[in-house]
Each structure stands twice: as structure tokens, then as C-alpha cells.
Number of protein chains: 2
Amino acid sequence: MATIEHKQLWQAVADQLRDEILDGRLAAGARLVETELADRFGVSRGPIRDALTELARTGLAVDLPRRGTFVSSLTEADLNEVYVIRRAIEEVAVRLAISHATAQELTELRVALEAVEDAYRGPDLAAAWEADMEFHRSYCRLSGNGRLLAVFEQLASQTVLLMRTAVATRASLAWIPPVEVHRHIADAIGARDAQRATDAVAAHYRYTEERLSAADRGRETGPAPSAPIRRSLAG
Amino acid sequence: MATIEHKQLWQAVADQLRDEILDGRLAAGARLVETELADRFGVSRGPIRDALTELARTGLAVDLPRRGTFVSSLTEADLNEVYVIRRAIEEVAVRLAISHATAQELTELRVALEAVEDAYRGPDLAAAWEADMEFHRSYCRLSGNGRLLAVFEQLASQTVLLMRTAVATRASLAWIPPVEVHRHIADAIGARDAQRATDAVAAHYRYTEERLSAADRGRETGPAPSAPIRRSLAG
DNA sequence: GCGACGCTAACTGTTGACAATCGTCCTGTC
DNA sequence: GACAGGACGATTGTCAACAGTTAGCGTCGC
């Protein structure tokens, strides 16, 4: 059923820019000038504009009217916002997935889980995060609720960006890969135990918060307080 | 603090189209042709395109590449999707609002509640729905989570559209205004009782589902069941 | 020396035109 | 009579240019 995607220009541009933002080549706060990008990609400003609105839609960029588009500078507060919503919708997602996913569909969850565990064993953190997101995406997809999946997608790309900045200031995060929490979620869904699955999701996010707090305590002794990231454009 | 809004053209167009979709002048499935709209609004196709992508983003229209944009035809399944997510995020929203909204901010909730009750007493269903959405929007705003509010906004406009189509096929809905459920939510938040507030939101959505099921049963046997408590859809 | 004003450069918002693609109608054939 | 194929029309995707606005910088007045 793989329909050939006649990719629009703006999609190709958006994909490219998304990658560059997520792997840090485009730093937070960087300005995305339409004319520059148009030159660089060899297309006119139209598709560039479409790509930038797409990035703004997914939260990777912010669009200030008449002023330009900038790579998002996400902060601690943003991280909390994202996790609060992800937890809420994923708790629902696992329940929905349990109630109407076929046994065959549930196997793809285990595949995704193993990919996560493998990836976190490796050295490439960015790849691990992608696998991580793909695992969560799996059961959001299996929920059968397209809008839920869409909300998740938005938050997923922001999550990766947030992890980047979090690790940048708190290197210790990289040493505590979140593996068991994912296995618990997969197990509970596999057993079609709704209550346990919900709890497992909740536990996942409690664990994540705990990791962040622990890393924070470690950071308090060192430099870099969190304040000055905001409004890098005014300075 | 009222900063002057230099409204972009596409925003004005999007607002206008949104109104027309929500009050039914633009029927579900209607085609939105860029050149036509450009003529009608006296602007070029650029801002029209932006407006259409905005409508697509909020779910009021769907964009088929190379084919055009159409007013969304939302179905029963969409209604379920929307309500599932709204329930999930609103349960969180009330808890957040309780934990960090000032007493003064909570008063705006009561104002919104009274607006809802007044509106449902009147004959204008569309206005009642808007007031209804504004009530829910209040505590989503008070949650302090901007992304949560953004997700709500998307779903809110779809909700209004869904109610339109639901009433079109099940007139009996108009006779059962959902008033008490809102008061329970407001009361629980006002008392800063997180558990009761969460339960009240859950009850709200159970009640809504019940109303829809009841209307469905009424529809299966024949048109309009009796026992009217309150009157009148559009008079 | 410090703050306010005005100028300049750069960029976005908007426009109209061109080109590629899709749906539709008509025709011809099986 | 139904279906495949081709031409036409309509509509979107893309492009290049114009106009208005914003930020930065220098200059003037105090």
C-alpha cells in the first residue's frame, strides 16, 4: 500500500531543517532568514515560507510576525509543559491500544522496544532518542486515534530538542538510560492490562522527572544557571 | 496592556472563513478554491493559502496536495477522537489550575460559568457553544500550560463544528443543555479540590456521551423524541 | 557623556504571472 | 453497453518583483 509520496518542495525543506535543528547544526535562537534559505536550497521563498510555518507548527521554531522566524529556545518550563501533556495523552493511548489493537499489531511494539534498548546501549544518543520516540509513537499509533497521534508527533520533536539542551547543561543525564520503564509499558500492553499500562506510563514520567532532578542537583555545584536562555534575540 | 494587533491579511481571512464554517454557511465538504477566495476577499492567493493552512491546522479543513482544500466533514469517529483527548488534557488542566491559579484568577471561571448558563437559556445554540468552549478554555488557560491551551484550542473549534453536525442529525440534542456538569467543575476548582475537579471533568464527558447515545436511540426509532425540558434550536 | 531622533539597510508581507498536475469530458474500441 | 485512451480546462505549486515595516546605527541636542 506504500503510495508514492510526491513530496512537495516545502516538505523536503522542512525535513532538512528539522534534522539540522535536532542535531544541533542550527543552534537555538538562530535566525532563519527566508531569502538566505531560498538561495541555499535553490528554491524561491514560497516553499521556504511553507516549511517555516510547518516548523513553527511543530514547535521547533517560533514565528514573530514581521520580524522573522527563529529556532526555538526551549527551557525548563517547556520541558515540563511537554511532559505533562505527553503523560496525559499516553496514559489514554495505552488504554486505547489495549482495547482495540490486534495481537499482530502488538508485536510491532516489541520490535520498537528492542530497538530502544539496543540504541541506548550504543554511543549515539540522538539515535537513541529517535528510537525512544518511535516506541512511544507505536502505541500512540495503535490507539487508533489520529488526533492523539498528531498531538504526540508535535510533542515528540520538541522532546528530542529538549533532551539535547538538557544534556548540554547536565551531562550526567547521558549516563542514565531509561530502559526498564519502556519494557514495563510494553509488557503491560502486551498483557492487555490497562491499569498496569497506565501505571507504567505514569512511572515512566515520574522516572524521567526524577532523572532530571537528580541531574539538577549534580549541576547546582557547577556553573550555568538556567535563567539567561530566554530572549536571545533582544541581546 | 492592549497592544495594537497589526492583523495580517491571512488572519483576517482565516477568521472570516472560520466563522462561515462554524455557522454553516460553508457546508461540510465544500471546496475552498484559492482563486475564488482571492477574488472574493480582494487579496492575492498568498494570504489565502496561509489562511487555508491555518484552517487545516485547526482541523476545520483538510488539504489534499495538488487537489485542493475542503471543509472538513467530521463524523461520529471524529467526535470520539476529539472528546477522548479533551477529557485527558482537561483532567490535567483542572489539577494544574487548582495548584497554581490565584483566587482572583478563579473568579473569571465563575463569570464564564454564568455566561454558559445564560447562553443555554437563550435560543442561540451557536452562541451557547461558544460560551461553553470559553468556559473550558478558562481553566485550560489557568493551567498555565501554553501547549495544553494550544491543543485545546485546536479541539475546541472542531468541537463546535461537530456539535453542528450532531444536532443536524439528532435534533433532540438541543433539548438537553449541559448545565450542571459545568457548575460541578467550577465548584470543584473553586474549592481547590483536585480529585473532585477531575471527577467532575470525567462526569462531564460521560454525560456528553450519554446525551449522544440517548439521542442516537431516539434517532433510530424515529425523529424527535418528546419530553422537552427546554426549547428551541435556532428560532 | 547620555538619551532621543532620523536615516539606512535588510527582511518580511503581498502581489501577479508562469508552469506542472489533476479531474473531466469526449471519443473510439472491444 | 462498458471501458481504455487522449485532449482540454481548471487549479494548485512555484517563482520573481514590489511595498511596507522593523532593527541597527549614526548624528544631533541637552
Side-chain angles (χ1 to χ4, degrees), chain A residues 1-18 20-21 26-73 230-235, chain B residues 2-18 20-21 26-58 60-73:
Chain A
M1 277 302 176
T3 55
I4 303 166
E5 305 202 8
H6 191 78
K7 221 175 213 174
Q8 309 278 65
L9 276 181
W10 69 263
Q11 277 183 331
V13 173
D15 286 350
Q16 174 70 20
L17 290 178
R18 198 185 75 95
E20 296 190 11
I21 291 173
L26 281 170
R31 185 166 188 178
L32 300 167
V33 180
E34 296 178 0
T35 51
E36 272 180 21
L37 296 172
D39 284 349
R40 207 185 112 194
F41 288 103
V43 298
S44 83
R45 277 177 53 214
I48 300 289
R49 284 174 70 84
D50 291 344
L52 292 184
T53 49
E54 170 67 12
L55 289 179
R57 199 187 64 83
T58 54
L60 294 184
V62 289
D63 176 69
L64 306 181
R66 286 257 172 223
R67 203 164 308 184
T69 306
F70 303 83
V71 177
S72 291
S73 309
R230 268 186 73 79
R231 289 218 34 108
S232 54
L233 43 143
Chain B
T3 56
I4 301 168
E5 306 198 10
H6 193 77
K7 218 175 213 171
Q8 310 277 64
L9 278 181
W10 68 263
Q11 276 183 329
V13 173
D15 286 350
Q16 175 69 22
L17 289 178
R18 199 184 76 93
E20 296 189 11
I21 292 173
L26 281 170
R31 187 166 189 180
L32 299 168
V33 179
E34 296 178 1
T35 51
E36 273 179 21
L37 296 172
D39 283 348
R40 204 186 114 193
F41 287 103
V43 298
S44 80
R45 275 178 52 216
I48 301 289
R49 283 174 72 84
D50 292 343
L52 292 183
T53 52
E54 169 67 13
L55 290 178
R57 198 186 65 83
T58 54
L60 293 184
V62 289
D63 177 68
L64 307 181
R66 287 268 174 212
R67 202 161 309 183
T69 306
F70 302 82
V71 177
S72 292
S73 309

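Letters go in sequence order (proteins before strands), and every chain restarts at 1.
In the set C/dT15, C/dT12, D/dT11, C/dT12 carries the atom at the smallest distance from any side-chain atom of A/T35. Closest approach to the A/R66 side chain among D/dT11, D/dG20, D/dT14 is made by D/dG20 (side chain taken as heavy atoms from C-beta onward).
A straight line from CZ of A/R49 to P of C/dT14 spans 7 Å, rounded to a whole angstrom. One interatomic measurement links the two molecules: CZ of B/R45 to P of D/dC15, which rounds to 13 Å at whole-angstrom precision. Whole-Å rounding puts the A/Q8 CD to D/dT12 P distance at 12 Å. In this structure, A/D50 atom CG and D/dC15 atom P are separated by 11 Å, rounded to whole Å. Rounded to whole angstrom, the span from the CD atom of B/E34 across to the C1' atom of D/dT12 amounts to 6 Å. To the nearest angstrom, P of D/dG13 lies 14 Å from CD1 of B/I48. Regarding A/L64, its CG atom lies at a distance of 16 Å from the P atom of C/dC11, rounded to whole Å. Across the protein-nucleic acid pair, A/L9 atom CG and D/dT12 atom P stand 18 Å apart, rounded to whole Å.
Scanning all heavy atoms of the two residues, the minimum distance from B/A51 to B/W10 falls at CB-O, 3.5 Å. Closest non-hydrogen pair, A/S72 versus A/G59, comes out as OG-O, 2.9 Å. Closest non-hydrogen pair, A/I21 versus A/L60, comes out as CD1-O, 4.1 Å. Heavy atoms only, all atoms of each residue included: A/L64 and A/F70 are closest at CD1-CE1, 3.9 Å.
Residue A/L32 is classed as a sugar-phosphate contact, given heavy-atom separations below 4.0 Å to backbone atoms only. If you check every strand for non-hydrogen atoms under 4.0 Å, B/G46 touches a base.
Contact annotation: A/R67 reaches the phosphate of D/dA23 (side-chain N/O to OP1 or OP2, under 4.0 Å).
Side chains of B/D15 and B/K7 form a contact here, defined as non-hydrogen atoms less than 4.5 Å apart.
If you find the closest nucleotide of DNA chain D to A/P65 and to A/V43, the one lying nearer the 5' end belongs to A/V43.
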